[in-house]
Structure formats: C-alpha cells, structure tokens
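Worksheet: the structure to be examined is printed underneath.
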Amino acid sequence: MVSFIVMEKEQKLRALMQMMGLRLHWYWLAEWAWNSLLTLYTALLFLIIGLGGDVSFMVRSPGTIVLLVLLHAQSMVFLAMLASVFYRKTMVSFMVNAFLVLGFIGAGTALALAEYSSKAMPAYIFLCAPIAYCRGIYLLTRFSSRGAPLWAQQEMQMVLSMLVVDIFFYLLSTLYLDAITPRQFGVSKPPLFFISPLRRLLRGGNVDSQAPLSHADIDEDEDSDVAGERVLIKKLVMGRGGSVAMSSHSSTSASTAELDSALLLESYSLRKVYHAGWLRRSRGDKVAVRNLTLGIHRNECFGLLGPNGAGKTTAISMWTGLFPPTSGRASICGFDMETRMGEIYQRLGVCPQFDILWPLLSVEETLLFYAKLKGVPRHLCGQTVEAALKGVSLVSSKAQWICRLSGGMKRRVSLAISLIGDPSIIFLDEPTTGLDPETKRNMWTLIGLAKPSRCIVLTTHSMEEADALCGRIGIMAHGSLRCLGPSLHLKHKFGDGDKLDFTCRPGKTDSGIACIRELIPSGRLQGAGTVLEGGTLCTMQLQGVTDADAVRMSELFRKLDDKASDAGILEWALRQPSLEEVFLKVARASEVELQEKLELHSRSSKNEEI
C-alpha cells in the first residue's frame, strides 16, 4: 500500500492531479476506499479459512476475532497512509516498511512471551497497531482452551479500544503531517495552517503572503525593459499595501486598477536557490531563478525562452506550486500563491516538460478523469473529451493505452489535459517537443484558438514557434530575465540590423560588392565568399547606416533592379534579424558577463587570502 502511494508522489502523478484541481482530502478518501477494499478481501479470506477450518481460538471467540481482524485491517490502511508521508522513493519505502513490519511483529511477540506473559501491557504500547494485533492474537490463542483471567479479558478490551484510537490518530496525523512536511514536489503549508480561516475572517477575508522579498542580485546594468517591468509591478504591489493578491480594499488609481485586473500572473522578486548542503548558505548553492519580476496579461501568449538551465522550468514549477520559492511573491488570477493555492489550482492548466501519465489508462479515460477533476458537468464530460481528442488529432487512438503510444502522441495527450476544463491560465513547458512538422502546426493553431480570455505561458527551444505564437517574449539566462518585449522590438533592439543577401556570378564577386557599397556606403560587409552552386553568397549588414547615407527601400529596390545584372548579381534579398540571432546574442552576452563576475570573484578571494 505504501509503495503505490509513494510511487504516485515520485512520478509526480499526485502533483499533476493537484494542479488540475484535486483536493487532497478527496485524494486520501480515494486511497482509503481502495486500500480498504484490498485489506477487507484479505481479512475476510483469513476469517473464512480460520472459521471454516475449526481453528480453536477463532471458533471459541468468533465475534472477538472478527472485530480484531477488521479493526487491525483498517488501522493498517491508515498506518500505511501515514508512513507514505515520510518517503520519496518507492524502493526505499518498500524495503524499509518490510523490515519495520517484521520488527514490530517480532517486538510484539518477544514482549508477550518474555515480560508480559502473565500481566497486561501498558496501553501506550498499543499505539503501534501491529503490536496491538499481535497481543490480541496472543491472548486469544493462549486462553482458547480455558477461561481467560480477568486481566486478560480487560486487556483484550483495551486492545480493541486502542485499535479504534489508532485509526483516528493515524488519520489525523496523516492529514496534518502531509500538509506541513517538506515535499519533493509541491508546496507544504505552515505548521499552524488550520487557523488560516480564522485569520482570514479577522482580516476581512484576505491573508497576505508573508514571504520575504529579496532585492539582491539585481544587475545595475539591467535591461531597460526588464527594469521598467520591475518598476511597474512594484508600483502595483505597493499600491495594494505590499500584497501581490488583488483586493477590493486597495486604494489604487483607475488606470492602475484597470491594469491590475488585466494581469492574470504577477511575479514579484521571485527567487529560487537550491542549497548544496544542510546549511542555509553553502559555497555550492545554485541560484536557479534570480529575482524574477514579471506581469502577464489576459489574452496574451507569453514566451519564456532561454538555454538549458536558464531557470524556465523552475519558474513554471514555482508558479504551479511544484516547488516552493526561496523568497519573493506571486499571484495567479488574483490569488496569492502562498496562501491560496487551492483556488489557483481550480483555474490552472499545465503541460509539464515531461509527460506525467498513467500507463494503463486509455487516452479517452485519461481525459475523462481530468475533465471530472476540473469540475466539468457530468452531462458535458463526453462532449468535452471528444472536443479535446479532435483538437489534438487523437480520435482514432482514443481507446489505446497510454503505454502503447509514441512519444509524440503522449505529448499531445499532455497538451489536451492542460486545455481541458476551460482554465484561466495555461503553462505549456515545451509542448511540441517530439512532434512532426504537420502536427506541430496543428498544435500551434490549437494554442492560438485557446488564447482569447486567458493567458498562456509558453517555453520552447523553437524560435519559429515563439515568433508565431507569442505576443511578448522574455529571454532568461543563468536565472535572470535578460530582455523582455514583443518579437519585433527585441529584433530591433538586440539584432544587428537588416541584412542584404546577394549572390554573385563566379568571378563577379568584387564588382557585386562594389555595386552594393555604392548604394549603401555605410553598410558593413558581414559575410563574403560562401561558394554556392552557380555563384558566391555575400551578406551586407545595414545597421549603422547614417541618415545622410540612408536611402528609401523603394529606391534601393529600383537601383538594384537596374544595376544588379550589370554588376554580376544573380539574386538578392533583404531580411530582418531573426529571433534566433537575438537569442544567441543575449545568451552569449550572459555567458561573458558570468565569466567576468567569476574572474572578479576569484581575484577578490585571492586578494583577501593575501
């Protein structure tokens, strides 16, 4: 029982169910119901064999043995639920619990035979259900052939009573410890989380996040667009009295309130540090996200780009409640991420970077399960699932098990899960990885149709995909947001300017370059000498052309048409800088900056040692 619960945690199945709206008390209720059926089956089988086989201690006290076995079965279900809270790996939980069960049985038998053979055990020992069960079996077998003394009868009643106490003790401990214990995936609650409703009532329905704000590691030469976004979000947060959650009691201007209501995601100074050791600050600490401040609006598809390890997935993991932030605050759909994650999950759709699916469910069953989790009315579930299957082109494969699907088909199932139930905000972490070009284009269309009235956060390594889908783009590197803005703005700001590509006839390269220089005197020759079949490719960069040398595009085209053939130019084309060029430039600049900081830190450390 423990291993199956831990497996769902380890494979992030439980975390994804939570993101899609599952309340934890319903999760534990389902676990209890399923495991109770399994233990009830084994308990009834044990009783039928024992009573049918005329086992003396069972035949002599049938009511007592039935009650003992059933109470023990229930207590073991809740004990397994409690034990699962402390494990993160399935194999570890299986091995440790096997030794613990054997140890408890051995300890109970040893105590019964050695020290408590003729007197009652203390009641507190029976808080361990396996020992209580062993003691009950011992009492029944020892006194089955003759009448039990008064102390044994009283102790038997104590065993049964303590098993009932164990059931409620394990249940409450499971619910409480599961909520406050730090998790590998998911955000734990504070130890006094159960008084939050009272605090909310006393504070007029709003409990603000108390997460610390971090202002460290903000670059002095931070990009102006990123700095402007930080100032804007800070103004909104300060206008609400330091709260990231929207409130009707905040005193903001009309224009600020309008902008406030349009923001579906608001991240303020969000930071995540992975500690290398047990100490809070260690030399090998990894800053995965560095003071991320960002606002994403309704009806917007925002592209979060960056090289591997830039912090994109970590940022999404914090926004979706998979990892807790080290510091900073965020709100989604107006709800504080730290205190109102339950309300956020009801409005959230997530396509994780790696597929999180049950292998033995069919495609249709998987989508139906998540549709019900999202609260889709029963009479609309079938229609919703059919629409999702059509959207990702999986109608013909709806009856197939997940384990039999290809990687690309599993990716489409994950995308369909994120869109089901009409979520207000959708996080898509590399959703088209592994898809063929035709299917990828269909997914782009689907994402574009899903954008109205909601916001979408998209991470991808395809610059073409980001250019086609995203209204605004942010590029991260080494945990920091390096640039921010629409695609055209980034190309104009970080690109090397427009480029003129022209192909010259063999032996006419010099005359072709001279012709272009005559038309654009201040242009810079970026590439020349690339030999192609039937000619030589050259590139002239137009950035840096002065106003005095500037020409109209129409005039440039006319002159090229007139002079190109005589100068030996076979063909020519004018192009803008690509988003990929912007991406590479920002990433390389970030690498150079990081190396400079490391060298400066190394020199300062050496100077301190000297």
Side-chain angles (χ1 to χ4, degrees), residues 221 223-225 303 305-307 437 460-470 472-475 477 482-596:
D221 55 347
D223 179 69
S224 58
D225 296 314
L305 309 182
T460 180
H461 287 295
S462 170
M463 300 301 109
E464 182 186 7
E465 181 172 288
D467 227 345
L469 295 175
C470 302
R472 280 198 310 159
I473 293 171
I475 299 179
R482 297 289 174 170
C483 60
L484 179 67
S487 176
L488 286 176
H489 171 73
L490 296 181
K491 291 175 183 178
H492 175 74
K493 185 174 183 178
F494 295 96
D496 293 327
D498 296 340
K499 293 181 176 63
L500 182 67
D501 296 328
F502 55 99
T503 304
C504 303
R505 294 192 187 96
K508 294 288 187 177
T509 303
D510 293 337
S511 62
I513 293 175
C515 176
I516 298 300
R517 286 195 183 281
E518 180 184 349
L519 298 176
I520 312 173
S522 298
R524 182 165 61 89
L525 188 65
Q526 189 179 47
T530 305
V531 180
L532 303 176
E533 185 177 353
T536 304
L537 177 64
C538 304
T539 300
M540 182 71 74
Q541 182 177 314
L542 305 187
Q543 189 181 45
V545 175
T546 62
D547 293 337
D549 297 326
V551 293
R552 293 192 178 191
M553 289 298 174
S554 59
E555 186 177 350
L556 176 62
F557 293 165
R558 182 180 58 80
K559 290 180 178 180
L560 280 171
D561 285 336
D562 294 339
K563 298 182 178 182
S565 179
D566 297 336
I569 298 176
L570 292 172
E571 56 187 20
W572 54 271
L574 187 67
R575 62 181 175 89
Q576 288 182 324
S578 65
L579 188 59
E580 183 175 356
E581 292 174 355
V582 174
F583 178 88
L584 293 174
K585 184 175 181 179
V586 172
R588 287 166 182 166
S590 176
E591 288 290 339
V592 171
E593 182 181 332
L594 178 64
Q595 291 298 324
E596 291 176 351

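Given the structure is predicted, the values throughout are model-derived calculations rather than measurements. These numbers come from the heavy atoms of this one structure, side chains and all, not from hydrogens, waters or symmetry mates.
- Side-chain contact between Glu591 and Pro307: absent, with no pair of heavy atoms (C-beta onward) separated by less than 4.5 Å.
- The side chain to side chain donor-acceptor pair (under 3.5 Å) test applied to Lys491 returns Asp467, not counting sequence neighbours.
- The nearest pair of heavy atoms linking Ala567 to Cys515 is CB-CB, 3.5 Å.
- Of all the heavy atoms in Leu305 and Thr460, the pair that sits closest is CD2-O, 3.5 Å.
- Residues Cys538 and Thr509 share a closest heavy-atom pair of SG-CG2, 3.9 Å.
- Atom CG in Leu579 sits 4.5 Å away from atom CD1 in Ile473 (nearest 0.5 Å).
- Evaluation of the ring pair (Phe, Tyr, Trp, His ring centres under 6.0 Å) test over residues 502-526, restricted to residues two or more places apart or in two chains, returns none.
- Separation of atoms CG (Leu469) and CD (Glu464) is listed at 10.0 Å; rounding is to 0.5 Å.
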| task | Go through the steps to decide whether Leu488 and His492 satisfy the test side chain to side chain contact (heavy atoms under 4.5 Å, CB included), and finish with yes or no. | result | CA-CA 6 Å; Leu488 286 176; His492 175 74; over 6 Å; no

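- Val586 approaches Ile475 most closely through the heavy-atom pair CG1-CG2, 4.0 Å.
- When all heavy atoms of Trp572 and Asp561 are compared, the closest pair comes out as CZ2-OD1, 3.7 Å.
- Shown here are the side-chain contact (heavy atoms from CB on, under 4.5 Å) partners of Ala477, two or more places apart in sequence or in another chain: Arg482, Ser590.
- Between the CD atom of Glu581 and the CG atom of Leu490 there is a distance of 13.0 Å, given to the nearest 0.5 Å.
- Proximity of Ser565 to Arg505: side-chain heavy atoms (C-beta onward) are separated by under 4.5 Å at one or more points.
- Considering all non-hydrogen atoms of both residues, Phe494 and Lys585 come closest at O-CD, 2.9 Å.
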